[in-house]
Amino acid sequence: MVAGTIGYLGGQFYNMKLICIGLLFIWYLPAAAQPVLIAEDKNPNKTTDGYKQGFLVDTPKEIDGSFYFSTPNFRLYQTDGTPNGTKMLVQFPSESLVYVKAVTKKFVYFTILGGGKHLLRRLDRQTLKQESLTNQQKPLTLEMGYTAVFTSTSKNLIAIRMYNLEAGITQLIVFSDDGPVDAKWVTASLRSDNSSLLNNFSDVAFLGPQIFYHGFEKKQLDGQSVFEYIIQSSAPATTGNGQEYTTSNVYSLRSQGYELNDKFYTINDSMFTLGFVRNTKTAARDLFIGSIHQQTLRVAAIMPTDQNFVWGEILDNQLYLVNGNRLLGWTPGSGTIKEVFRKRTYQYQPMQPDRSLLKCGNYLVLREEDSLRTFNLQNNRFEHVGIPENFTPPNSLYNRKDHIAWTNRNFIYYIRYNGFIPSLIQYDPVSRQHTPVVFPEYKNEQFTSFQAIFQLEGKLLFLTKYTGKKDQPVYRIFVM
């Protein structure tokens, strides 16, 4: 009897142990993050639906933890990612196509469609007063495609690279938080001897008071005419002769065997560029990273390579370089470029507009052929995540570019379709669990689609569509 009782209790103890282990396992499984509703983006009136009409929006712009974005229903919002920290700043007239281009300490810069042209304005962040901006006292319009807006690291200046249709040249102009509504002139693509001071698609970057940009020169090298990217910089003029910026430095290193890349990379207020240099011993080309200073350009690191392609991205203050079928990494201050991995089937493939590499904790996230993969930076192991859908956001300005995955510090997100309805999947690279993200349900409504998804600093912003009674659309904005 005693033995039976002991056996019974032992069995019960064993069952309880299994239950506890099961509960512990369930507790460990990652719960999907919950999207938080921050606003309803209702149609301005009964006859106007900016989403259905195909109005597009640009990527949200961030400053001091706040994000500014427009919606297809002609509104400008500010949010810190919480409902209480979200407010509508402006309700624009219907049919107003609004693109947020930059945010500084004082202003939100945006374009608004008027008379078939994208007119540039700025909104005072405190008073919400709007003012139109001009160039040579004429209304300033930004032609889509040739135009790009760059913000200084000090967040009080913007530079605009724009194509002047009347003059047939590309210009670089500047607006300051404390300056007038008429642009300050920096430079233009005035050509001489088939050379250009400013490329039509030049990258632009700030270093202190100086503005750096790219041009190209026609030169003779080994008896052949070649075009070389050159780095130029302009600084505010001090001569008082009416010229607002003067070109002070030109970095042209082909004569020394260097070929410069056409991108700038800023890490902790330091600026870098990439390029190749002829190795006098091997006759091959080596990859180098150049550190740009106000008066000089120095080689910070160099590495042999047999690949002519290089693409750089900054993640957590480290510069990663896609170089053929290998990924390289470099930390400012280090004289060594390290090989992160080399893989035969790896190459540059975008996962978001102009981004081929993402990071989630200690994992790099990348595309390899049709697969989404992670690379563990601690044990150097690859893991297969899945084959995600290529999401096409209908109301994003970048709806023609790849949108494969998004990340935050803990999770990776991608899209799967259930028929015509998209589902957002959360992937935990530690537990390797895939968990559907459930968006809130509303009475007599059904979740229909994502109209746009944007990756913010550690957050995701969703413009969504629900379908209600009589197929009436309801648009909501979530942050997660």
Side-chain angles (χ1 to χ4, degrees), residues 38-39 41 44 48 50-51 53-80 86-135 138-152 155-163 171-184 204 353 393 395-399 451-452 454 456-457 461 463 475 477:
I38 62 170
D41 198 32
T48 303
Y51 289 84
Q53 291 174 260
F55 282 88
L56 308 178
V57 293
D58 208 341
T59 305
K61 304 300 185 291
E62 185 270 342
I63 186 170
D64 298 332
S66 289
F67 297 88
Y68 294 80
F69 64 96
S70 60
T71 72
N73 271 339
F74 327 114
R75 296 183 177 95
L76 177 65
Y77 283 94
Q78 173 188 343
T79 186
D80 62 2
T86 301
K87 56 183 176 181
M88 186 186 72
L89 302 179
V90 183
Q91 170 69 73
F92 294 98
S94 296
E95 313 299 318
S96 299
L97 177 57
V98 176
Y99 294 144
V100 177
K101 309 308 295 184
V103 179
T104 61
K105 291 178 179 178
K106 190 175 180 180
F107 295 107
V108 179
Y109 290 83
F110 63 94
T111 59
I112 184 167
L113 189 63
K117 297 182 178 180
H118 297 272
L119 303 170
L120 184 65
R121 293 183 185 175
R122 66 185 182 187
L123 174 82
D124 189 300
R125 293 172 54 199
Q126 297 299 321
T127 66
L128 302 186
K129 176 186 176 182
Q130 296 183 44
E131 53 188 6
S132 298
L133 301 177
T134 58
N135 182 22
K138 296 180 181 179
L140 181 55
T141 61
L142 303 186
E143 299 296 329
M144 296 296 106
Y146 283 100
T147 300
V149 180
F150 306 87
T151 307
S152 68
K155 298 290 187 179
N156 63 348
L157 291 167
I158 68 164
I160 302 175
R161 188 203 68 221
M162 57 173 287
Y163 185 71
Q171 290 179 293
L172 187 61
I173 58 177
V174 163
F175 288 96
S176 167
D177 273 6
D178 299 322
V181 296
D182 196 58
K184 292 183 178 181
V204 176
N395 291 109
S396 168
L397 182 59
Y398 307 96
N399 56 7
Q451 300 303 113
F454 296 110
L456 310 178
E457 293 293 330
L461 176 72
L463 304 185
Y475 303 106
I477 306 171

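Note that this is a predicted model, so its numbers are computed, not measured. Residue numbers run from 1 in the order of the sequence given.
- Taking each heavy atom of Ser66 and Gln78 in turn, the nearest pair found is OG-NE2, 3.7 Å.
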(request) Using the side chain to side chain contact (heavy atoms under 4.5 Å, CB included) rule, take Leu120 and Ile160 through it: C-alpha gap first, then chi angles, then the decisive distance, then the call. (result) CA-CA 11 Å; Leu120 184 65; Ile160 302 175; 3.5 Å; yes
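- The 12-atom threshold is exceeded at NZ of Lys155, counting heavy atoms of other residues, nucleotides or ligands nearer than 6.0 Å.
- Across all non-hydrogen atoms, the minimal contact from Pro353 to Tyr398 is CG-CB, 3.6 Å.
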Taking only distance into account, with no hydrogens and no angle test, what donor-acceptor pairs under 3.5 Å do side-chain atoms of residues 90-99 form with protein atoms, sequence neighbours excluded?
{"from": "Gln91", "atom 1": "OE1", "to": "Arg75", "atom 2": "NE", "distance (Å)": "2.7"}
{"from": "Gln91", "atom 1": "OE1", "to": "Arg75", "atom 2": "NH2", "distance (Å)": "3.2"}
{"from": "Gln91", "atom 1": "NE2", "to": "Asn73", "atom 2": "O", "distance (Å)": "3.4"}
{"from": "Gln91", "atom 1": "NE2", "to": "Phe74", "atom 2": "O", "distance (Å)": "3.2"}
{"from": "Glu95", "atom 1": "OE1", "to": "Gln53", "atom 2": "NE2", "distance (Å)": "3.2"}
{"from": "Glu95", "atom 1": "OE2", "to": "Gln53", "atom 2": "NE2", "distance (Å)": "3.3"}
{"from": "Ser96", "atom 1": "OG", "to": "Pro93", "atom 2": "O", "distance (Å)": "2.6"}

(request) Would you sort out whether Leu461 and Ile38 count as a side chain to side chain contact (heavy atoms under 4.5 Å, CB included), showing the intermediate values? (result) CA-CA 10 Å; Leu461 176 72; Ile38 62 170; 4.1 Å; yes
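- Separating the CG atom in Asn156 from the NZ atom in Lys105 is a distance of 5.5 Å, to the nearest 0.5 Å.
- Between Ser396 and Phe454, some side-chain heavy-atom pair lies under the 4.5 Å cut-off.
- Under the 4.5 Å side-chain criterion, counting only non-hydrogen atoms from C-beta, Glu62 is not in contact with Val103.
- To the nearest 0.5 angstrom, Tyr109 atom OH is 9.0 Å from Thr151 atom OG1.
- Scanning all heavy atoms of the two residues, the minimum distance from Val181 to Ser132 falls at CB-O, 3.7 Å.
- The shortest heavy-atom contact between Phe175 and Thr134 is CZ-O, 3.6 Å.
- Shortest non-hydrogen contact noted between Phe150 and Arg161 is CZ-NH1, 4.0 Å.
- Contact of the Thr59 side chain with the Lys61 side chain is registered, since non-hydrogen atoms from C-beta on lie closer than 4.5 Å.
- Rounded to the nearest 0.5 Å, atoms CG (Asp80) and NZ (Lys87) are 10.0 Å apart.
- Interatomic distance, CG of Asp58 versus OG1 of Thr111, reported as 8.0 Å (0.5 Å rounding).
- Ala159 and Val204 get closest at one heavy-atom pair: CB-CG1, 4.1 Å.
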(message) Set out, in order, the CA-CA distance, both residues' side-chain angles and the distance that settles side chain to side chain contact (heavy atoms under 4.5 Å, CB included) for Leu113 and His118, then state yes or no.
(response) CA-CA 5 Å; Leu113 189 63; His118 297 272; 4.0 Å; yes
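- Without hydrogens or angle criteria, Arg125 side chain to Thr104 main chain gives a donor-acceptor distance under 3.5 Å.
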(message) Would Thr71 and Tyr475 count as a side chain to side chain contact (heavy atoms under 4.5 Å, CB included) here? Give the steps.
(response) CA-CA 10 Å; Thr71 72; Tyr475 303 106; over 6 Å; no
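- Between Phe69 and Val57, every side-chain heavy-atom pair lies at or beyond the 4.5 Å cut-off.
- Expressed to the nearest 0.5 Å, how far CG of Leu140 lies from CG of Leu133 amounts to 6.5 Å.
- In this structure, CD1 on Ile173 lies 8.0 Å from CD1 on Ile158, to the nearest 0.5 angstrom.
- In this structure, Tyr77 and Leu89 have side chains that are not in contact, with every pair of non-hydrogen atoms separated by 4.5 Å or more.
- Listed for the Asn395 side chain is no donor-acceptor partner under 3.5 Å among the backbone atoms of Pro72.
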